[in-house]
Amino acid sequence: MRLADSHCHLNYKGLGEQQPEVLARARESGVVAMLNIATREREWDEVLATAEREADVWATVGIHPHEADEHPHIDTAKLLARAVHPRVVGIGETGLDYYYDHSDRDQQQKSFRAHIAASRETCLPLIVHTRDAEEDTANILADEMGKGAYPGVIHCFTASGEFADKALELGFYISISGIVTFKNARDLQETAARLPLDRLLIETDAPFLAPVPHRGKTGEPAFVADTCRFLAQLRGMDAEELAEATRKNFHRLFTKTVG
C-alpha cells in the first residue's frame with residue numbers, strides 16, 4: 001500500500017524525541033506522504049523545519065481553537081506571511097472546540113474566520129477541528145463560503161452524519177482517524193461507510209488516537225495502515241484500492257504537495 005497520513009503532529013512529545021525512527025516505521029508501513037500540523041505559533045518553525053528536511057513531509061500554519069486566547073495577535077496577515085513558504089500546504093488546524101472550552105468561544109470564532117480568510121486568499125486547504133460545536137462550525141463555514149470559495153477538510157471526523165452532509169455540500173473533504181476502529185464508534189462507522197470515495201482522507205492525528213490493535217500506545221503515522229484496512233473492510237473494498245484513492249485525494253486537495 002502507498003498511504004498518505006493527512007494529519008499528524010510529528011514534533012509533539014512522544015514522536016519528536018524519536019522522529020527519525022517514527023518516520024522510518026511510517027515508510028516501512030507504506031506511508032509516502034505526511035502532513036505535519038501546527039497548533040500554536042511557537043511550533044511553526046519546528047514543524048516547518050521537519051518539512052524542509054523530509055521530502056515526504058509537509059507543513060501547515062495555524063492556531064488550534066484551544067490556543068485561541070493565547071494568540072489574539074495571529075490574524076490573517078500573519079498566516080499569509082508564513083503560508084508563502086513552499087513546504088506550507090495548508091491553513092490550520094483551526095475551528096471550534098466547545099467540549100473543553102479552553103478558549104473563549106468568541107475568540108475561537110474570530111480566529112476561525114481569520115484562518116478561513118487566509119485559506120480563501122491563498123487557496124490552501126483549511127484544516128478544521130470541531131468538537132461539540134457542529135451548528136456554529138457549519139454556520140461559519142457556510143457564511144464564509146458565501147464570501148468566496150475556499151477548499152478544506154474536516155479532520156478527525158467524529159460529528160454527525162448530518163454535519164458530514166453539510167460539509168460535503170460545501171465541497172469539503174472528510175478525514176477519518178483511528179477512532180473509526182473503536183468498538184463504541186458505531187455512528188462514525190455508519191457515516192464513514194457511506195462517504196463519497198473521492199472526498200475521503202485518512203489520518204492518525206498522531207501521537208493521539210492510536211487505532212485498534214494499538215490502542216493505549218503512542219500513535220504514529222505507521223498506524224494509518226491499520227485504519228485504512230479497517231475502513232476498507234467497513235466499506236467492502238480492497239485496502240490497496242482505498243489507500244490509493246485516499247492518497248490521490250490527499251494530493252488533489254493539498255495541491256502544493258504535487259510536483
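What you see is a predicted model, and the numbers here were worked out from it, not measured in a lab. Position 1 is the first residue of the sequence, and the numbers go up from there. Atom set for the values below is all heavy atoms of this structure, side chains included, hydrogens, waters and symmetry mates excluded.
A donor and an acceptor atom, one from each side chain of Asn11 and Thr50, are located under 3.5 Å apart. Looking only at atom types and distance, the side chain of Glu121 has no donor-acceptor partner in the side chain of Thr76 under 3.5 Å away. Checking Ser6 against Tyr173 by side-chain atom types alone, no donor-acceptor pair falls below 3.5 Å. Side-chain contact check for Glu52 and His85: at least one donor-acceptor pair (N or O, by modelled atom type) lies under 3.5 Å. Defined by atom type and a distance below 3.5 Å, a donor-acceptor pair is missing between the side-chain atoms of Ser175 and His155.
Of the possible donor and acceptor atoms, one in the side chain of Arg120 sits under 3.5 Å from a partner among the backbone N and O of Gly148. Without hydrogens or angle criteria, Glu144 side chain to Leu141 main chain gives no donor-acceptor distance under 3.5 Å.
The nearest pair of heavy atoms linking Leu79 to Ala114 is CD1-O, 4.0 Å. Of all heavy-atom pairs spanning Ser119 and Pro151, the tightest one is OG-O, 3.5 Å. Scanning all heavy atoms of the two residues, the minimum distance from Pro196 to Leu168 falls at CD-CD1, 3.7 Å. Across all their heavy atoms, Leu96 and Gln108 have their closest contact at CA-OE1, 3.3 Å. A pairwise comparison of heavy atoms in Val88 and Leu124 identifies O-CD1, 3.9 Å as the closest pair. Listed here is the closest heavy atom pair of Leu3 and Ala243: CD2-CB, 3.6 Å.
The one candidate from Thr246, Thr204, Thr227 that meets the side chain to side chain donor-acceptor pair (under 3.5 Å) condition with Asp5 is Thr204.
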Item to check | Audit row: Phe112, Thr137, side chain to side chain contact (heavy atoms under 4.5 Å, CB included) steps and yes/no | outcome: CA-CA 9 Å; Phe112 191 19; Thr137 301; 4.2 Å; yes

Next on the checklist: The test is side chain to side chain contact (heavy atoms under 4.5 Å, CB included); show your working for His64 and Glu43 and say whether it passes.
Outcome noted: CA-CA 11 Å; His64 193 285; Glu43 297 172 357; over 6 Å; no

Item to check | Arg215 vs Lys183, side chain to side chain contact (heavy atoms under 4.5 Å, CB included): CA-CA, chis, key distance, verdict | outcome: CA-CA 11 Å; Arg215 286 204 71 177; Lys183 288 183 179 179; over 6 Å; no

Next on the checklist: side chain to side chain contact (heavy atoms under 4.5 Å, CB included) for Arg235 and Leu195? Distances and angles first, verdict last.
Outcome noted: CA-CA 9 Å; Arg235 294 171 63 93; Leu195 292 172; 4.0 Å; yes

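If you take CD1 on Ile127 and CD1 on Ile37, they are separated by 4.5 Å, rounding to the nearest 0.5 Å. A distance of 10.0 Å separates CG in Leu48 from OG1 in Thr60, rounded to the nearest 0.5 Å. Put simply, CG on Leu35 and OG1 on Thr257 are 9.0 Å apart, with the number rounded to the nearest 0.5 Å.
Under 4.0 Å is where a charged nitrogen must lie from a carboxylate oxygen, and between Arg194 and Asp165 at least one such pair does. For the pair Arg113 and Asp143, the salt-bridge criterion is met [side-chain N within less than 4.0 Å of a carboxylate O]. Here Glu70 does not pair with Arg40 in a salt bridge; the nearest charged N to carboxylate O distance is not below 4.0 Å. Between Arg25 and Glu28 no salt bridge is recorded (no basic side-chain N to carboxylate O distance below 4.0 Å). Taking a cutoff of 4.0 Å between a charged side-chain nitrogen and a carboxylate oxygen, Glu169 and Lys166 do not qualify as a salt bridge.
Listed by first and then second residue, the salt bridge (Lys or Arg N to Asp or Glu O under 4.0 Å) pairs involving residues 71-98 are Asp45-Arg82 (not counting sequence neighbours).
The neighbour count for Gln18 CD, taken as heavy atoms of other residues, nucleotides or ligands under 6.0 Å away, is above 12.
A perpendicular orientation is assigned to the rings of His9 and Phe208, their planes being inclined by more than 60° (bins at 30° and 60°).
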